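All values below were derived from every heavy atom in this structure, side-chain atoms included, with hydrogens, water molecules and symmetry-related copies excluded. Here the structure is a predicted model, which means the values were calculated and not measured.
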Amino acid sequence: MPVSEKKTITKDNLWEVISSLQGEEFYTAKKLPFTYSIKGGEFFTERKKKSITRATFEQAYQKIQEDREHKIVGPKTLNCFGAPYVWAVFKALGIVS
């Protein structure tokens with residue numbers, strides 16, 4: 001599913017949507033290009049040795065949904081492992097702006 005074909009994203013279908021976009025090019029906030037692959041519940045990018053887990057994405061998504069005061073404004077404020085990549089994917093999906 002190309003990024004342009006956005007569908008409503010929920011915590012329940014978040015991983016399915018992220019999985020469907022593997023292999024596409026994304027950009028970090030610092031404009032670094034990357035692609036990723038999914039193996040089970042893990043997200044792998046060529047720029048990072050360790051994987052980012054499905055649980056990390058789901059927790060970050062939950063954090064954003066509960067951020068009523070709009071304090072989460074970028075990768076650093078997301079405060080999770082692999083934040084630049086999580087943020088880049090969330091931005092492409094329209095979860096964050």
Can you measure from SG (C80) to CD (Q59) and round to the nearest 0.5 angstrom?
8.5 Å
So for atom NZ, which belongs to K11, do other residues, nucleotides or ligands contribute more than 12 heavy atoms lying within a distance under 6.0 Å?
yes
Partners meeting side-chain hydrogen bond (donor to acceptor under 3.5 Å, both in side chains) with T10 (sequence neighbours left out)
N13
Can you see which heavy atom on A83 is nearest to which on P75, and at what distance?
CB-O, 3.2 Å
Run the side-chain hydrogen bond (donor to acceptor under 3.5 Å, both in side chains) test against E25 and tell me which residues pass, sequence neighbours left out.
Y27
Take T45 and T35 through the side-chain contact (heavy atoms from CB on, under 4.5 Å) test and state the conclusion after the steps.
CA-CA 6 Å; T45 176; T35 59; 5.9 Å; no
Partners passing side-chain hydrogen bond (donor to acceptor under 3.5 Å, both in side chains) against S19 (at least two apart in sequence or in another chain):
none
Using the rule given for side-chain contact (heavy atoms from CB on, under 4.5 Å), can you reason through I72 versus V96, listing the C-alpha separation, both sets of side-chain angles and the distance that settles it, and then say yes or no?
CA-CA 9 Å; I72 300 173; V96 296; 5.6 Å; no
Please report the shortest heavy-atom distance between A88 and F26, naming the atom on each side.
O-CD2, 4.2 Å
Qualifying ring-ring contact (aromatic ring centres under 6.0 Å, His included) pairs with a residue from residues 67-88, counting only residues at least two apart or across chains
F34-Y85
What salt bridge (Lys or Arg N to Asp or Glu O under 4.0 Å) pairs are there with at least one residue in residues 59-70, not counting sequence neighbours?
E69-K71
Which distance, rounded to the nearest 0.5 Å, do you find between the OG1 of T53 and the CH2 of W15?
7.5 Å
From CD1 (I52) to CZ (F44), nearest 0.5 Å
10.0 Å
For F43, which residues count as a ring pair (Phe, Tyr, Trp, His ring centres under 6.0 Å) partner, sequence neighbours excluded?
Y36, F57
Salt bridge (Lys or Arg N to Asp or Glu O under 4.0 Å) contacts in which one or both residues fall within residues 35-56, not counting sequence neighbours
R54-E58
Output all residues satisfying side-chain hydrogen bond (donor to acceptor under 3.5 Å, both in side chains) with T28, sequence neighbours left out; order by chain, then residue number.
none
Stepwise side-chain contact (heavy atoms from CB on, under 4.5 Å) test for V86 and L78:
CA-CA 9 Å; V86 174; L78 199 49; 3.7 Å; yes
Enter the distance from I9:CD1 to I95:CD1 here, rounded to the nearest 0.5 Å.
4.0 Å
